[in-house]
Amino acid sequence: MNNMYPFVNGPLPYEYGALEPFIDEKTMHLHHDRHLQTYIDNLNSMIEKNPGLKNMSLEMMLCRFPRLPRDLQIPVRNNAGGVYNHRFFFSGMSPSGGGSPECPLLDAINRKFGSYEKFKERFKASALSVFGSGYAWLVLDRWGLKIITTPNQDTPLIKGQIPVLNIDVWEHAYYLKHYNLRAAYIDDWFNVIDWEKAGNRFSDAVRYHVH
């Protein structure tokens, strides 16, 4: 998965229908091949017109967008954020997912939230609280694990938070199967979380980023 211009839409790490019956094949086609592709196309087009961005990684653009020229700040936040958030979401799911996290992530969740079940309740409530479009995240910062939400295509990176897990609650992520029932979509999503990937992200964050 390339992290520098020109950005390309790499394949999903599983077949489009692999997350059935929890997330349907048609949604995955549309979500990955059209929605994510649009963000990638828009980002490449914007960078082509602003060559000063060509040497910046995706994460660098998102961390530094408030210091960019004013006319570039919102387009970078929206389009680079759309690429980052979607890639993170798709790679955080697996057809062999579900279950519960393993140590050391499970230990950290139990310490912070009391139990995995209490974490699920808190995370679901946060995902339901997003007004309109956005994401719910499990992130790590210097104070430990935290559940946050972001609107639209904002990311936790600007706050120095390291993402561990996210769920996309834009309606295009679930409307074809779940209609307007976001709660049912969240319940299904818990069955495809790649906890091994989330655990690796957590361990890497502890090892390299959080002091």
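Just so it is clear, the model here is predicted, and its values are computed rather than measured.
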Among Y174, F190, Y175, Y179, which one satisfies ring-ring contact (aromatic ring centres under 6.0 Å, His included) with Y185?
-> Y174
Quick one: do R201 and D204 make a salt bridge, cutoff under 4.0 Å?
-> no
E59 CD: over 12 foreign heavy atoms closer than 6.0 Å | yes
Taking the six-membered ring for Trp and the full ring for Phe, Tyr or His, determine whether the centres of F123 and W137 are under 6.0 Å apart.
-> no
Decide yes or no for I162 and V139: does some side-chain heavy atom of the first lie under 4.5 Å from some side-chain heavy atom of the second?
-> no
Side-chain donor-acceptor pair present, H86, H32, cut-off under 3.5 Å = no
Give a yes-or-no answer on whether the side chains of D33 and Y16 include a donor-acceptor pair shorter than 3.5 Å.
-> yes
Do you know which of Y135, F90, W189 makes side-chain contact (heavy atoms from CB on, under 4.5 Å) with D168?
-> Y135
For the student: nearest non-hydrogen atoms of A127 and I186, plus distance | CB-CD1, 3.5 Å
Got a sec: does the CD of E25 have more than 12 other heavy atoms crowding it under 6.0 Å?
-> yes
Are side-chain heavy atoms of V169 and S133 found at a separation under 4.5 Å?
-> no
Non-hydrogen atoms of S203 and P104 that approach each other most closely = OG-CG, 3.8 Å
Can you tell me if N42 and S45 form a side-chain donor-acceptor pair at under 3.5 Å?
-> no
Are D187 and K124 close enough for a salt bridge, meaning some N to O gap below 4.0 Å?
-> yes
Which heavy atom of M28 sits nearest a heavy atom of I23, and at what distance?
-> SD-CG2, 3.6 Å
Note, F65 side chain near M61 side chain (heavy atom, < 4.5 Å) = no
Between the side chains of N44 and E48, is a donor N or O closer than 3.5 angstrom to an acceptor N or O?
-> no
Could you tell me whether the side chains of N78 and Q153 share a donor-acceptor contact shorter than 3.5 Å?
-> no
Is L145 close to F202 at the side-chain level, that is, under 4.5 Å between some pair of heavy atoms?
-> yes
Search all heavy atoms of Y84 against all heavy atoms of P163 and return the closest pair with its distance.
-> OH-CG, 3.5 Å
